[in-house]
Structure formats: structure tokens, C-alpha cells
Amino acid sequence: MPELPEVERFKQYFEGTALHQKVVQVEIADAGVLACTAETLKEVAEKHTFDKTDRIGKYLFIETSADKVLMIHFGMSGSLKYYRDDPPRFGRVVFHLANGFHLAFDCPRKFGRIDVADNVKAYQAKKKLSTDAYKMSWEEFEQNTAGRKGLIKPLLLNQQVAAGVGNWIADEILFQARVHPETRTNKLSKNELRLVYDKMRDILQTAVSHEANYNHYPKDYFIHRRGWTDQNTENCPNCGTKVHYMKVGGRATYLCEVCQEPQEV
DNA sequence: GCTAATGTTGTGCG
DNA sequence: CCGCACAACATTAG
Ligand SMILES: [Zn+2]
């Protein structure tokens with residue numbers, strides 16, 4: 001679930017709920033989601049307030065009054081829930097707040113992580129994350145993809161190249177740009193690469209504007225072939241051909257074999 | 001019971 | 001050291 005648009009929604013959700021609240025206690029129900037020690041997390045959060053948020057790609061940052069930042073990554077199934085009496089089923093870490101509410105990191109599959117860093121820049125450097133894909137310039141995108149010989153889809157999923165692009169977004173970009181996901185990046189013309197970039201920006205903008213609610217995405221979006229939305233269909237929005245399913249770079253991939261021709265070898 | 005899953009990272013090779 | 005391909009991770013939903 002959580003790609004850039006969802007994490008942006010979680011950020012806004014946090015800003016409307018737990019931001020500026022004081023943490024009384026941090027409950028760690030499952031230390032498996034911690035990338036730092038329990039002690040470190042408590043030091044940075046307990047008796048402190050949540051002061052400021054930030055986001056790079058799928059990584060959410062929360063600065064506290066301890067002058068450090070919490071990092072939350074949602075993995076494949078994580079989310080946030082702010083509540084008084086109705087806890088989520090898989091609250092792996094719960095921040096108990098002074099106002100009587102609670103903020104849970106709900107993470108059924110436990111692929112998510114919570115970490116602590118001195119500041120956002122330091123964390124970004126440690127993970128070598130690129131600029132957020134939503135804000136990335138063409139010049140930077142061109143630079144980050146220059147000289148790459150691997151397949152375009154796995155490259156788009158590389159958070160050091162375009163932080164925030166996830167699996168469905170990569171498929172959506174490549175369909176809209178009419179590029180086969182197994183095309184070698186260095187075989188793309190400059191115009192094709194520019195189209196990939198433009199579609200990336202446009203799709204992220206659209207998804208964020210709909211607060212990552214898939215059902216509200218445009219009718220001709222390729223996402224409606226993944227079986228996730230109310231308007232699901234098996235046919236290409238452009239030519240009507242039945243969509244093709246395959247694995248690319250080990251990831252579930254949907255494409256139109258007619259509109260996205262394989263690269264000539 | 002079996003399968004697939006929206007993400008990241010470690011390993012091994014070149 | 002870097003790029004790339006691939007397996008592994010933990011657990012749920014269908
Ligand atoms: Zn088509």
C-alpha cells in the first residue's frame with residue numbers, strides 16, 4: 001500500500017492529529033519493527049512533543065523536542081492510527097499521548113521500520129536517498145539515470161534514483177509513457193526518458209491530489225487492472241487488449257504488450 | 001493448504 | 001567501490 005502518495009497522506013493525517021502533542025509513554029509491542037534500540041526511541045519521544053514533520057519518498061520524519069527525528073517507514077502494509085478507545089489490530093508501536101489519545105504504528109506484516117536520526121539530512125545521506133520524486137527536477141532525474149544498463153522498471157523502484165516511486169506507480173509511468181518495463185535504461189532515447197519523467201511527475205501529482213485513494217484515480221489509469229479498485233477491468237485503456245502479467249525484477253508487473261513494445265535486441 | 005503481496009536489503013558476481 | 005540480479009524477510013488475505 002504505502003508508496004509516496006500514501007505516505008504524504010499519513011503525513012497530513014499526523015499533522016492533523018498527533019502533531020504538537022506530548023508523548024507520555026512509548027509502548028513497544030513488537031521490537032522487530034525497530035531499527036534502533038528501544039531505549040533510543042524512548043529517549044527521543046517520551047516526555048517530548050512532536051514538533052515538525054517532513055517526508056522524503058516513502059520515509060516519514062517527525063522532529064521531536066529532543067532535537068532528534070523519528071523516522072517511520074511503512075513497508076508493504078503499515079499505516080498510522082490516532083485513536084482514543086479503538087486500537088488497531090497490529091499496533092506494533094504505540095505512542096501514548098498526554099491528551100488521552102494514542103498514535104499507533106499499525107503494521108500487520110512487520111516490514112515497516114521506526115528509526116531515530118540526528119536530522120533528516122543525516123538519515124537521507126545514510127540511506128543515500130535521492131530527492132523526493134515529487135519534487136525532482138528533470139536535470140536530476142537525467143543525472144540519476146545516466147549510464148544505467150539495467151531494466152528501467154527496477155531502476156524506477158530504486159529509492160536512490162527516484163525516492164517514493166513504488167510498484168504500481170512504476171507500472172503506471174511505463175504504461176503511460178508506452179515503455180516496456182524490461183527496456184534497458186541506456187537504450188531509451190532522450191525523448192523517451194523525458195516522457196518517463198513527465199509521467200512520473202504527473203502521476204504523483206494526480207495521486208497526491210486524490211489523497212492516494214485509488215478509486216478516485218482517472219478512469220484510464222492502468223492501476224485499474226490490478227484488481228484493487230472498484231472500476232477493475234482486464235483490458236488496456238488505450239487499445240483494449242487484455243493486459244499482460246509478468247514478473248520484472250521479482251515484482252508483480254502489469255503491462256499492455258501492444259502499447260508497450262519490447263525493446264529490439 | 002497454497003499463493004501472492006503495494007518494500008527494502010544482503011549476498012554474490014563481475 | 002559500484003551496478004546489477006535475485007533471494008530473503010514476516011505475516012495476512014483470498
Ligand atoms: Zn494497449
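In what follows, chains are A, B, ... by sequence order, proteins preceding strands, each numbered from 1.
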Atom-to-atom span, CG of A:Asn167 to C1' of B:dA5 - whole angstrom: 10 Å
Touch class at under 4.0 angstrom, heavy-atom based, for A:Phe74 against every strand present: nothing
With A:Arg226 via side-chain hydrogen bond (donor to acceptor under 3.5 Å, both in side chains) - residues at least two apart: A:Asp171
Nearest-angstrom distance from the residue atom CG of A:Asn215 to C1' of B:dT6: 15 Å
Contiguous Watson-Crick or G-U pair runs (3 or more, under 3.5 Å) in DNA chain B: B:2-5 with C:11-14, B:7-14 with C:2-9
Gap in Å between the two P atoms, one belonging to C:dT12 and one to B:dT9, rounded: 23 Å
Pairs under 3.5 angstrom only: tabulate donor-acceptor contacts from the side chains of residues 240-257 of chain A to other protein residues two or more places apart or in another chain.
{"unit_1": "A:Thr253", "atom_1": "OG1", "unit_2": "A:Lys153", "atom_2": "NZ", "d": "2.8"}
{"unit_1": "A:Thr253", "atom_1": "OG1", "unit_2": "A:Arg251", "atom_2": "O", "d": "2.9"}

A:Gln159 vs B:dG7: side-chain N/O to OP1/OP2 distance below 4.0 Å: no
For atom CZ of A:Arg251 and atom P of B:dA4, their distance in whole Å: 14 Å
Length of the line joining A:Lys110:NZ and B:dT8:C1', which is rounded to integer Å: 17 Å
Presence of A:His73 side-chain N/O under 4.0 Å of B:dT8 phosphate oxygens OP1/OP2: yes
A:Trp138 side chain near A:Leu193 side chain, heavy-atom distance below 4.5 Å: yes
Restricting both atoms to N or O, compile the protein contacts to nucleotides 9-14 of chain B shorter than 3.5 Å, with distance only.
{"unit_1": "B:dT9", "atom_1": "OP1", "unit_2": "A:Lys127", "atom_2": "NZ", "d": "2.7"}

Over 12 non-hydrogen atoms of neighbours within 6.0 angstrom of CD in A:Gln231: yes
Output a table of donor-acceptor pairs, distance under 3.5 Å, between side-chain atoms of residues 60-69 of chain A and any protein atom two or more places apart or on a different chain; print 'none' if there are none.
{"unit_1": "A:Thr64", "atom_1": "OG1", "unit_2": "A:Val44", "atom_2": "O", "d": "2.8"}
{"unit_1": "A:Thr64", "atom_1": "OG1", "unit_2": "A:Ala66", "atom_2": "N", "d": "3.1"}
{"unit_1": "A:Ser65", "atom_1": "OG", "unit_2": "A:His48", "atom_2": "ND1", "d": "2.8"}
{"unit_1": "A:Ser65", "atom_1": "OG", "unit_2": "A:Thr49", "atom_2": "N", "d": "2.9"}
{"unit_1": "A:Lys68", "atom_1": "NZ", "unit_2": "A:Asp118", "atom_2": "OD1", "d": "2.7"}

Interatomic distance where CH2 belongs to A:Trp228 and P belongs to C:dA13 [whole Å]: 16 Å
Rounded distance (Å) that lies between atom C1' of C:dC2 and atom CG of A:Asn144: 15 Å
Atom-to-atom span, CE of A:Met76 to P of C:dT11 - whole angstrom: 13 Å
Phosphate-side-chain proximity, A:Arg89 and C:dA13, N/O vs OP1/OP2 below 4.0 Å: yes
Any residue meeting side-chain hydrogen bond (donor to acceptor under 3.5 Å, both in side chains) with A:Tyr134, in chain and number order, not counting sequence neighbours: A:Gln205
Between protein and nucleotides 3-6 of chain C, what N or O pairs are separated by less than 3.5 Å?
{"unit_1": "C:dC4", "atom_1": "OP1", "unit_2": "A:Lys149", "atom_2": "N", "d": "2.4"}
{"unit_1": "C:dC4", "atom_1": "OP1", "unit_2": "A:Gly150", "atom_2": "N", "d": "2.9"}
{"unit_1": "C:dC4", "atom_1": "OP2", "unit_2": "A:Arg148", "atom_2": "NH1", "d": "2.4"}
{"unit_1": "C:dA5", "atom_1": "OP1", "unit_2": "A:Arg184", "atom_2": "NH1", "d": "3.0"}

Test salt bridge (charged side-chain N to carboxylate O under 4.0 Å, His left out) applied to A:Asp54 - qualifying residues, sequence neighbours left out: none
Qualifying residues under salt bridge (charged side-chain N to carboxylate O under 4.0 Å, His left out), relative to A:Lys121, sequence neighbours excluded: none
Only distances under 3.5 Å count here; give the side-chain donor-acceptor pairs of residues 20-27 of chain A to other protein atoms, sequence neighbours excluded, each with its distance to 0.1 Å.
{"unit_1": "A:Gln21", "atom_1": "OE1", "unit_2": "A:Asn99", "atom_2": "ND2", "d": "3.0"}
{"unit_1": "A:Glu27", "atom_1": "OE1", "unit_2": "A:His96", "atom_2": "NE2", "d": "2.7"}

A:Tyr254 side chain near B:dA4 phosphate (N/O to OP1/OP2, under 4.0 Å): no
Non-neighbouring partners of A:Thr40 that pass side-chain hydrogen bond (donor to acceptor under 3.5 Å, both in side chains), sequence neighbours left out: A:Thr37
Residues in side-chain hydrogen bond (donor to acceptor under 3.5 Å, both in side chains) contact with A:Glu142, at least two apart in sequence or another chain: A:Lys190
Nearest-angstrom distance from the residue atom CZ of A:Arg109 to P of C:dA8: 18 Å
Backbone N/O of A:Gly150 and side chain of A:Thr185: donor-acceptor pair under 3.5 Å: yes
Presence of A:Lys58 side-chain N/O under 4.0 Å of B:dT8 phosphate oxygens OP1/OP2: yes
